[in-house]
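First up is the structure itself, then whatever we jot down about it.
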Amino acid sequence: MFLFLLLYGFSLNAQSVVSDLSYLDSIKSTNFEKFESELARLEEIHHKFQKEELDYFLFLKAYSLTFKGQNQEALSLIIPLLESKSETVIGFRAKSLAVNTLLLSRRYLEAFTYLEQLIVTLPLIEQPMAREHGLRVIAMMYNLIGRYDLALSYLDQLINERPSINAVCAAHQLRSEALFHSGQSEDFEQKSAEGLKYCIKHEQLLWVNIIVSFQARNMIAKEDYTQAINVLTAHYSQVEQTRYATLVREFDSLLAQSYHKSGQTATAKQYVVKAENSLHTATSNLTQVEILLLLSQIAKTEKNYQQALDYHEQYTAAFTAYMDDKSAQQMAYHTAHSEILAQNQKIALLDKDNQLLQYEQTALKHQAAFNKLLIIALAILVLGLAFMAYRSFVARQRFKALAEYDDLTAISNRYHFSASAKEALALCEKGQLPAALIVFDLDHFKQINDQHGHAAGDWALRQTVDTCRNFMRNNDVFGRIGGEEFAILLPGCQSDKAHLLADICRDAIHTIDTAASGYEFKLSASFGVTSAEISGYHLTKLIEDADTAMYQAKQQGRNKVQFFRG
């Protein structure tokens, strides 16, 4: 969410120019205007710098360009530094900056490739500030793809190394983010309070208010809207002082949500309109999705149905783009990780080849004595190569499964569902075959998580999927497209049969015995159905219409099936 808050500090043991560069390094995140003016002064004489000084200067210039959003220009300076052999620390820092800059440019595969290299190089780096920022970049990237367990381990390491005050506050913020999104409510409340206390004591207002935003999200999740409003309002003036537009927009969005949930629609509208006015149409993030959804809900409350529909269409497009972006990040991570494993295996193979050369040289000198040994060594080598090739194949298959299927339910994730559904729809359209789409989600699912815990919620999701699978054909495309929301594409299926299947699944879900989960609770789902005859063969339109029908089913009392009538 807050991608460019990573600060890159560094110092070198040199005099004169290096001292000036080190000073600029220390102020670039606290006094950017002075940093820029001094950097411009050094630009006039940089052709006189030694190799190490020039690398350092180019790194700071790349930082400046990234901070101003000139990512491509920044990368043109960073990439040569990654090949620098004269200064390991500069190369490491440049790699950290490259990860952040590539991420901002949405070049995810390159970003995660450099991330894997950072992780490998980190144990070799001893310079404290370079380690500090390497750890922060790694933790930030793991947060981005939802690997919160790995992010927390790197953040604990960062805090234990006692870095700068700014780095400690950044670590507290990243830890709060990881604990909140991973659903560790008790740890989140304790650790976020500790981080808030530390950052307030050291007057790190930016980090203070980012942590506050996650605390407010936690309060909204617990339906404690009054407390959320009080906390956000108390810190609002501080947030405006930071002049950090992303954070101000986050506070406006959270205040709007809290006021809307507590029935204060007029006040909610003031904040959400302010947040909307600061949106960048080129971006797609969670805050933008939340703002557009809330605008749609407020317009509906005001009975301005046309505006509500317009905002809902924008929300659907933004949500789809956001999920596609998250899927692209996940795919990039798994691809980069798989490539690193493959490279390591190639290195291992090269090592084996070197050993083979040594065996051959020895055999030439001692043919009679070591013929038997050479045969054994060659046999071991062949077995080793076969085993490594097999492991490589298994690893690729595993990573492919991780990228395409939902870990919890073992059905297609949103990315894979979209790809498979589009292929099936294209074949149906080409052959003028019917097709239908079912969208459904579990009713009151949040109450199950809140009252019985996430383990019970996970059990309910798995049982729902297993139950519905019993009634599907082999060529039906079944996917999880949201937290508790699912979609089924039925190629070659008429609308009446799709409606019947939806009703069968609805009835089967309602009759699930939840005692096996350890708790007694009601389980039901609301279904929306549409067909290509009405909505066409475009997946986005089919999902949108089925989602509208599902919403109507919920309005009619839930545990119902509604067909989209156009």
Side-chain angles (χ1 to χ4, degrees), residues 223 257 260-261 263 265 292-316 319 435-451 457 460-461 463-465 467-468 471-472 476 478-490 493-514 520-536 539-566:
E223 301 182 359
Q257 292 177 53
H260 180 66
K261 293 289 187 181
T265 305
L292 292 172
L293 177 60
L294 185 55
L295 284 166
S296 174
Q297 293 171 344
I298 290 176
K300 185 178 179 183
T301 301
E302 296 174 340
K303 298 184 178 180
N304 190 343
Y305 298 114
Q306 182 58 49
Q307 189 179 57
L309 179 59
D310 291 342
Y311 277 127
H312 190 271
E313 289 176 352
Q314 295 178 45
Y315 155 73
T316 302
F319 179 75
L437 181 75
I438 300 172
V439 171
F440 69 96
D441 77 353
L442 298 183
D443 298 326
H444 304 298
F445 182 74
K446 183 177 181 298
Q447 293 181 9
I448 298 174
N449 281 333
D450 291 345
Q451 294 175 9
L461 292 172
Q463 287 297 116
T464 298
V465 169
T467 299
C468 292
F471 310 107
M472 292 184 199
D476 292 340
F478 192 14
R480 182 183 180 188
I481 61 174
E484 66 272 17
E485 188 172 3
F486 301 88
I488 308 171
L489 179 71
L490 306 168
C493 182
Q494 300 287 351
S495 57
D496 57 342
K497 292 184 173 57
H499 192 284
L500 177 61
L501 174 63
D503 197 59
I504 292 172
C505 291
R506 179 202 59 76
D507 184 66
I509 292 171
H510 192 58
T511 58
I512 291 175
D513 183 6
T514 61
E520 296 283 346
F521 54 86
K522 294 292 184 181
L523 197 58
S524 68
S526 298
F527 286 71
V529 184
T530 189
S531 68
E533 182 181 0
I534 296 175
S535 302
L539 180 61
T540 301
K541 178 63 176 171
L542 284 163
I543 291 178
E544 180 182 345
D545 291 347
D547 193 64
T548 299
M550 182 186 72
Y551 183 74
Q552 293 172 354
K554 287 187 176 292
Q555 286 184 318
Q556 295 172 10
R558 295 184 170 84
N559 192 27
K560 296 182 182 300
V561 176
Q562 180 67 32
F563 191 87
F564 181 73
R565 299 298 178 184

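All values reported here derive from a predicted model rather than from experimental measurement. Computed over heavy atoms, backbone and side chain alike; hydrogens, waters and symmetry mates excluded.
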Practice item. Answer yes or no: is there a donor N or O on one side and an acceptor on the other, between the side chain of Arg506 and the main chain of Ala508, under 3.5 Å? Key: no
*Any chance the side chains of Gln314 and Asp310 put a donor and an acceptor closer than 3.5 Å?*
no
- Verify the distance criterion only: is there a donor paired with an acceptor across the side chains of Ser535 and Asp545 at less than 3.5 Å? yes
Between the NE2 atom in His444 and the NZ atom in Lys522, the distance rounded to the nearest 0.5 Å is 12.5 Å
Practice item. Just say parallel, tilted or perpendicular for the rings of Phe486 and Phe478, cut-offs at 30° and 60°. Key: tilted
Closest heavy-atom pair, Phe527 versus Ala553, reported as atoms and distance to 0.1 Å, is O-CB, 3.6 Å
Between the CD atom in Gln463 and the SG atom in Cys468, the distance rounded to the nearest 0.5 Å is 11.0 Å
Classify the ring geometry of His499 against Phe563: parallel below 30°, tilted from 30° to 60°, perpendicular beyond 60°. tilted
From the list Thr514, Thr467, Asn559, side chain to side chain contact (heavy atoms under 4.5 Å, CB included) partner of Leu523 resolves to Thr514
In this structure, CE of Met472 is separated from CD1 of Ile438 (nearest 0.5 Å) by 7.5 Å
In this structure, are over 12 heavy atoms from other groups packed under 6.0 Å from Gln556 atom CD?
-> yes
Taken in chain and number order and not counting sequence neighbours, the residues that satisfy side chain to side chain contact (heavy atoms under 4.5 Å, CB included) with Leu293 are Gln297, Tyr315
Notebook entry, point to check: Does the side chain of Ile509 come within less than 4.5 Å of Phe440's, by heavy atoms?
Noted result: yes
- Message: Quick check on Lys554: does its NZ atom have over 12 non-hydrogen neighbours (other residues, nucleotides or ligands) under 6.0 Å away?
- Response: yes
